[in-house]
Amino acid sequence: MEGKKDFTVPAKAINTLADMRKWERSEAYHEYMGFILAMNEAVKGKKITDVAITSDLVSKLLSLLEILDNWITEIPPIEQPQRFGNKAFRTYYSKLKEEAETLLKNILPEELHPSVVELAVYLTESIGNSTRIDYGTGHEMSFAMLLCALFKLGIIKQEESDQVILHVFERYVNLMRKLQVTYRMEPAGSHGVWSLDDYQFLPFIWGSSQLIGNKRIEPRSFPEEGFAENCANDYMFMSCIKFINEVKTGPFSEHSNQLWNISAVTTWEKVNSGLIKMYKNEVLGKFPVIQHVLFGSLLPITPQESTAVER
C-alpha cells in the first residue's frame, strides 16, 4: 500500500468535450486502462470452474454481493402503470447509498476504514442511476474502478487477479442482470446495432481472453442455438450470450448485429484485441460516458507523469 494519504469523496471532473484530453492524460485513465489489461492477462485461457477461491477478501466481496442480491427479494418491484423503470429501484439504491460504507468497513482491515469515503461511492454508482432507473457501461466501469482501487490499496494481491475477475466480477454481472430484469431498468445512453449488449462490455473483453488458445470453441460457434448455454458456467463471454438469448427474441444476427459480426473473426486473440480497441474508443473515448466518472485520491484526474505509457 502507498504511504498514508487523505481520502476524498470522488467527484466529477469532465464537464466539457475539451476536458476529454484531461481524462486521457490523467493518472486515473492510465491506472484504469492498466487494470483492464492486467486482468485480461490474468484470466487468459482460464475457465471459471478451474479457478479456486483461496483469497479471504474475494470471499468477503462475494458475501457483500450476496447481501445486495438478498435485498432484491426484500424490495420487490411495485405495481405501476409504465412498463420500464420500476420505482422500487430507487428504494434499493437509497438502501445501498445508506449502507455502502458499513458494508465495506465489514470487509476491510481497520487501518483502511478511512478509504471507504471513496470506495463506497464507486460501489453505489456501480448499480445504476436512480433518477433515470437505467444502467450502462459507465456503471459497470464504476465497479471495475472499485476493484482497481482495492488493488491500489494493496488489499487485493496480484496473484488473486483471476479470482477477482472470474468470481467477484462475474458475480457482480449476474447481480446486475437480476436488477435489470427485476426493476425493468433501461439501458443507459443511446444504443444502436453497434452495441455489443444493452448493458455490459467488460465481460466480453475478459470473457474472450478466457477463450484464447481454446482448441474446442471457435468464435463462429457462439451464435449457434444452445451452444453458449452449454458453456456459460465456464466462460463469461458465453454467459453474456446466454443472457442475451434469454431476453431477446428473433434472429441473433438482427438483435445482436455487432456480436454476429464478431463471430466471423477467426481467432479469440483477434476478438479480444478488437474488443479492447472498441472499449477504448466507444466507452473510454466517449464524453457521454466519461462525464459521469468520479475522481478521488485513488483514481485522480491529475496528469499522469510522463513515462513511455502506451496510448
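Scope of the values below: all heavy atoms of this structure, side chains included, with no hydrogens, waters or symmetry mates.
- Counting non-hydrogen atoms of neighbouring residues, nucleotides and ligands closer than 6.0 angstrom, the NZ atom of Lys286 exceeds 12 such neighbours.
- Ile276 contributes atom CD1, which lies 12.0 Å from atom CG of Asn281 (distance to the nearest 0.5 angstrom).
- Panel note: side chain Gln304, backbone Tyr29; no donor-acceptor pair is recorded below 3.5 Å.
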Decide salt bridge (charged side-chain N to carboxylate O under 4.0 Å, His left out) for Glu98 and Lys95; before the verdict, give the C-alpha distance in whole Å, the side-chain angles of both, and the deciding distance to 0.1 Å. CA-CA 5 Å; Glu98 249 169 64; Lys95 186 173 173 70; over 6 Å; no
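- Counting heavy atoms from C-beta on, the side chains of Ile262 and Phe204 never come closer than 4.5 Å.
- In this structure, the side-chain contact (heavy atoms from CB on, under 4.5 Å) partners of Val121, at least two apart in sequence or on a different chain, are Val9, Pro10, Glu125, Leu294.
- Nearest approach of Ala149 to Leu119, heavy atoms of both residues: CB-CD2, 3.6 Å.
- The line from CZ of Phe237 to CG of Leu211 is 7.5 Å long, rounded to the nearest 0.5 Å.
- In this structure, the side chains of Leu202 and Phe143 stay at 4.5 Å or more apart for every pair of heavy atoms.
- Looking only at side-chain heavy atoms (C-beta outward), Gln180 and Tyr135 come within less than 4.5 Å of each other.
- Contact record, Gln291 with Lys12: O-CD, 3.5 Å, taken as the closest heavy-atom pair.
- Using bins of under 30°, 30° to 60° and over 60° for the plane-to-plane angle, the ring pair Trp206/Phe35 lands in the perpendicular bin.
- Electrostatic pairing of Lys152 and Glu27 counts as a salt bridge here, judged by a charged N lying under 4.0 Å from a carboxylate O.
- For Glu160 (side chain) and Lys157 (main-chain N/O), a donor-acceptor pair under 3.5 Å exists by modelled atom type.
- In Glu110, the CD atom is not crowded: 12 or fewer heavy atoms of neighbouring residues, nucleotides or ligands sit closer than 6.0 Å.
- Pairing each heavy atom of Pro203 with each of Val173, the nearest pair is CG-CG2, 3.9 Å.
- Under the 3.5 Å distance criterion, with hydrogens and angles disregarded, a donor-acceptor pair is assigned to the side chains of Asp234 and Thr49.
- Distance check, rounded to the nearest 0.5 Å: CZ of Phe227 to CD1 of Ile217 gives 4.5 Å.
- No chain of hydrophobic side-chain contacts below 4.5 Å, direct or via other Ile, Leu, Val, Met, Phe, Trp or Tyr residues, connects Tyr183 to Val247.
- Taking 4.5 Å as the limit, some side-chain heavy atom of Met141 sits within range of a side-chain heavy atom of Ile290.
- Atom CE of residue Met20 and atom CG of residue Asn15 lie 12.0 Å apart, to the nearest 0.5 angstrom.
- Taking all atoms of both residues into account, the shortest heavy-atom contact from Ile14 to Asp19 is CD1-O, 3.5 Å.
- Remark: the backbone N or O of Thr131 is not paired with any side-chain donor or acceptor of Tyr93 at under 3.5 angstrom.
- Between Ile78 and Ala88, the shortest heavy-atom contact is N-CB, 4.0 Å.
- With hydrogens and angles disregarded, no donor-acceptor distance shorter than 3.5 Å links the side chain of Glu186 to the backbone of Arg132.
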Which is it for Arg220 and Glu218 under the salt bridge (charged side-chain N to carboxylate O under 4.0 Å, His left out) test, yes or no, and what are the steps along the way? CA-CA 5 Å; Arg220 66 195 171 105; Glu218 295 177 282; 2.8 Å; yes
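- A heavy-atom distance below 4.5 Å is not found between the side chains of Thr137 and Gln200.
- With sequence neighbours excluded, no residue forms a ring-ring contact (aromatic ring centres under 6.0 Å, His included) with Phe243.
- Within the 3.5 Å criterion, the main-chain N or O of Gly45 finds no donor-acceptor partner in the side chain of Trp268.
- When side chains are defined from C-beta on, Val164 counts as touching Phe151, because their heavy atoms get closer than 4.5 Å.
- Not counting sequence neighbours, the partners of Glu101 by the side-chain contact (heavy atoms from CB on, under 4.5 Å) test are Val116, Val117, Ala120.
- Linking ILVMFWY residues whenever their side-chain heavy atoms come closer than 4.5 Å, directly or via other members, leaves Val181 and Tyr199 in distinct clusters.
- Between the side chain of Thr182 and the backbone N or O of Leu179 there is no donor-acceptor pair closer than 3.5 Å.
- When the side chains of ILVMFWY residues are joined at heavy-atom separations under 4.5 Å, either directly or via intervening members, Phe89 and Phe84 end up in two distinct hydrophobic clusters.
- The 12-atom threshold is exceeded at CD of Glu74, counting heavy atoms of other residues, nucleotides or ligands nearer than 6.0 Å.
- Of the possible polar contacts, none joining the His255 side chain to the Ile244 backbone as a donor-acceptor pair under 3.5 Å is found.
- Put simply, the side chain of Leu108 does not reach to within 4.5 Å of the side chain of Leu153, judged on heavy atoms.
- A distance of 3.5 Å separates OG of Ser161 from CE of Met39, quoted to the nearest 0.5 Å.
- Checked by atom type and distance alone, the side chain of Ser142 pairs as donor or acceptor with a backbone atom of Tyr122 at under 3.5 Å.
- Taking CD of Glu31 as the start and CG of Leu299 as the end, the distance is 6.5 Å to the nearest 0.5 Å.
- Across every non-hydrogen atom of Asp162 and Ala42, the tightest pair is CB-O, 3.7 Å.
- Under the 3.5 Å distance criterion, the side-chain polar atoms of Ser256 are left unmatched by any main-chain donor or acceptor of Leu259.
- Ser209 places a side-chain N or O within donor-acceptor distance of the main-chain N or O of Asn40, the cut-off being under 3.5 Å.
- Hydrophobic clustering (side-chain heavy atoms under 4.5 Å, transitive across Ile, Leu, Val, Met, Phe, Trp, Tyr) groups Ile67 together with Leu57.
- Here the side chains of Phe169 and Glu140 are in contact, with some heavy-atom distance below 4.5 Å.
- Side-chain contact of Asn174 with Arg171: a donor-acceptor pair under 3.5 Å is absent, judged by distance alone.
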